[in-house]
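A, B, ... follow the sequence lines: proteins, then strands. Residue 1 opens every chain.
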Protein chains: 2
Amino acid sequence: MAPSMSDDRKIPRLDEVADRAGVSAATVSRFFNNPKMVAAATAERIREAVEATGYVPNLLAGGLASSRSRLVAALVPDIAQSIFNATVEAMVNELSVDGHIVMLGLTGIDNARMPDLISAALARRADAIIVTGLVNDPALRDLMRSRNVTVIETWGLPDDPIDVAVGFSHRAVGQDIARFLRGRGYRRPHLLTATGTRAMERRQGFVDDWTTAGGETPTEMTFESQTRFGHGRAAFRAIRELPTRPDVIVCSSDWLAQGVLVEAMAAGVRVPDELAVVGFGNLALAAEMRPTLTTVDIDGARIGREAVDVLRRRAAGKEIPDRHIDVGFRLIARESA
Amino acid sequence: MAPSMSDDRKIPRLDEVADRAGVSAATVSRFFNNPKMVAAATAERIREAVEATGYVPNLLAGGLASSRSRLVAALVPDIAQSIFNATVEAMVNELSVDGHIVMLGLTGIDNARMPDLISAALARRADAIIVTGLVNDPALRDLMRSRNVTVIETWGLPDDPIDVAVGFSHRAVGQDIARFLRGRGYRRPHLLTATGTRAMERRQGFVDDWTTAGGETPTEMTFESQTRFGHGRAAFRAIRELPTRPDVIVCSSDWLAQGVLVEAMAAGVRVPDELAVVGFGNLALAAEMRPTLTTVDIDGARIGREAVDVLRRRAAGKEIPDRHIDVGFRLIARESA
DNA sequence: CAGATCATTGCAAGCGCTTGCAATGGCTTT
DNA sequence: AAAGCCATTGCAAGCGCTTGCAATGATCTG
């Protein structure tokens, strides 16, 4: 009944468990951290003592002594309706198997809180820091490199990773989309791009491939903020005013694409005959709405798993031969293009 | 260039900063934890020393000594496309202002991993544990109550909270929907419900209100798993086979509702004239798709903020007078009903 | 001007665990 | 039967910080 703050019943400690089991604290410690070192009979007595006392190890103390925190920081821009959620989810699930916890840090779509969050992670002596946003500040990169911490950059493949990168080539995505649309005979693409670095890389990949192949420079619009439905809507209307109407709209996110689609349907524009649409992300909706959306699928969960795999290899003392781990992507052709 | 694991440059400690600033370690500690206690001139020297050494406090050691971890555990079923994300996002953002970090735990939709995650949180001596899933095991509830940790249950208002609850009455939601539909003249509701405890409470609220007001017992279907688009689709088709066709479908999630809607449109059924649909959650899509969805909006971010507010009040030594904090809900009438 | 008050600071004893090293005793091996 | 090996366990010295208590000097107070 009383609020839990007030009852300060004593919390059992390691040595009490040890006393009860008739062994030293060291043995109980080993029971938790290195079970194969303790004899079966002893282990059983310890197990009973733990049970009886309701002992829960103090990992703050343990971490201090061993300088292993069993804490991994996951730093993402946001989780509201983020494309990164599958990655975070996979990471959290994989790591909890190993007895690690994850600190969730939200850097903001502009990554403004990145420095503070990295500090917070280092202050807790995180075993690893996994970021999806970009860390541009050289001082920060150096700080992380100077610490005994694994750093994994995900969802992209920077030329010179801080440590290890798990992701795919955004440029290649753009190129693939260009190639695909060319193959389908489209002539006048219009690009709808968010101003983020990666969306811009995809855009550049598209433009380069398209023009190199003799296509005209695509018309385009960019958006400052995170792209949502509303932007897609507005964009569709703006596009209708264009002197030469595009025959396909290439969006930097499925949200954007979905907005365009909804507005196109409302305007009675036939998709893809009059106007085709391509998205990016393959959200749950993409395959469910009508028309179904042609988009690019990234296996976000796999990115999370691969990242954890790197951590495991490190923990096992193995070297990571290739600092770039490419998980690729898949262009999924559906009804909209 | 070398992987960061290998260069073990020495990490600066508190006393090195102290030496450099010509003060004792205690003073530097106070500089970080209780700045108003140190003289301005001294603070400035310390600041410089911190800067020069690149010192980052070791919060494992600090937490051990002070028995304050500045760690809050957030335990949610999942984050894939979860209705709880706004709550988690708000919490993380609010807490980082106070210098707290949040440990994200995914309990699974059946809450199977809840016990392990609570142990993990207690092992890190979390200052607070915030759960959205239900903690049914009495032993677990007692364990948490016996520890010096604030426990906040969210998204519901259990009769006897472990500590504090922030949420709303699911029963009342069901009742409100029943009242609303009656007001609009609907007669034959059909319920689509996930088997979760809370969805069931809403269902019960609906049924009780509906029948009490003289309505016939609604037809219904329940789903074992997490409800997605696909379930809504399948449900729609099944409903078409019913002997008496319902005039409104009440879904326990927007996903379900959206699936029904998509399938209804495809089948040429006019919404809401031939068939109305009500959802729950007010996802981003609800207002964007056509027809727009009548649903119930929960201010998830507010739940997160209120929870953090409770933590702050506790930290300030204030008592929490009411252990139930009701954030309410809003039924949003749109086109679909 | 003596005594009291206050703002700063340092001392040193922990906080609860981990782990290198050494000790113990039972088994093998020759 | 002596020597060597191995599995198990205990000892004790930290890990890096916080904080109650006491000391110091400065500023007030009457």
Return the value, rounded to whole Å, for the distance between atom CG of B/Asp19 and atom P of D/dG16.
15 Å
Using whole Å, report how far NZ of A/Lys36 lies from C1' of D/dT8.
16 Å
With side-chain contact (heavy atoms from CB on, under 4.5 Å) as the test, would you mind laying out the steps for B/Met91 and B/Leu104 before giving the verdict?
CA-CA 11 Å; B/Met91 271 177 38; B/Leu104 175 66; over 6 Å; no
Give a yes/no answer on whether the side chain of A/Tyr55 brings an N or O atom under 4.0 Å of OP1 or OP2 in C/dC17.
yes
Could you walk me through whether B/Glu153 and B/Arg141 pass the salt bridge (Lys or Arg N to Asp or Glu O under 4.0 Å) test, one step at a time?
CA-CA 11 Å; B/Glu153 291 159 285; B/Arg141 299 172 71 88; 3.7 Å; yes
Can you check whether B/Asn58 has a side-chain N or O nearer than 4.0 Å to OP1 or OP2 of D/dC15?
no
A/Arg113 atom CZ, neighbour heavy-atom count above 12 within 6.0 Å:
yes
Between atom CE in A/Met37 and atom C1' in C/dA22, what is the gap in whole Å?
13 Å
Between the base of D/dG20 and the side chain of B/Arg30, is there a donor and acceptor pair under 3.5 angstrom?
yes
Is the distance from OP1 or OP2 of C/dG10 to the nearest side-chain N or O of B/Ser24 less than 4.0 Å?
yes
Side-chain N or O of B/Arg68 less than 4.0 angstrom from OP1 or OP2 on D/dT19?
yes
Where each residue is assigned the nucleotide of DNA chain D containing its nearest heavy atom, which of A/Ala26 and A/Arg125 is assigned the position nearer the 5′ end?
A/Ala26
Test side-chain contact (heavy atoms from CB on, under 4.5 Å) on A/Ile129 and A/Leu122 and set out the steps.
CA-CA 9 Å; A/Ile129 300 179; A/Leu122 293 177; 4.1 Å; yes
Distance in angstrom units between B/Arg13 CZ and D/dC17 C1', rounded:
11 Å
Quick check on C/dC15: is either OP1 or OP2 less than 4.0 Å from any side-chain nitrogen or oxygen of B/Ser66?
no
Of B/Arg45 and A/Pro12, whose nearest nucleotide on DNA chain C comes first from the 5' end?
B/Arg45
Can you identify which nucleotide, out of D/dC17, C/dT18, D/dT18, has its nearest atom closest to the A/Leu14 side chain?
C/dT18
CG of A/Leu60 versus C1' of C/dG14: gap in Å, rounded?
15 Å
To the nearest angstrom, how far is A/Arg70 atom CZ from C/dC17 atom P?
14 Å
If you check every side-chain atom of B/Ala65, which of C/dC17, C/dT9, D/dC17 has the closest atom?
D/dC17
Roughly, in whole Å, what's the span from CG in B/Asn148 to P in C/dC15?
16 Å
For atom CD1 of B/Ile46 and atom C1' of C/dG10, their distance in whole Å
13 Å
With nearest nucleotides of DNA chain C determined for A/Asp15 and B/Ala40 from heavy-atom distances, which residue corresponds to the more 5′ nucleotide?
B/Ala40
Testing B/Arg314, B/Arg323, B/Arg147, B/Arg145 one by one against B/Asp163 for a salt bridge (Lys or Arg N to Asp or Glu O under 4.0 Å), which residue passes?
B/Arg314
Within the pair B/Ser29 and D/dT18, is there a side-chain N or O less than 4.0 Å away from OP1 or OP2?
yes
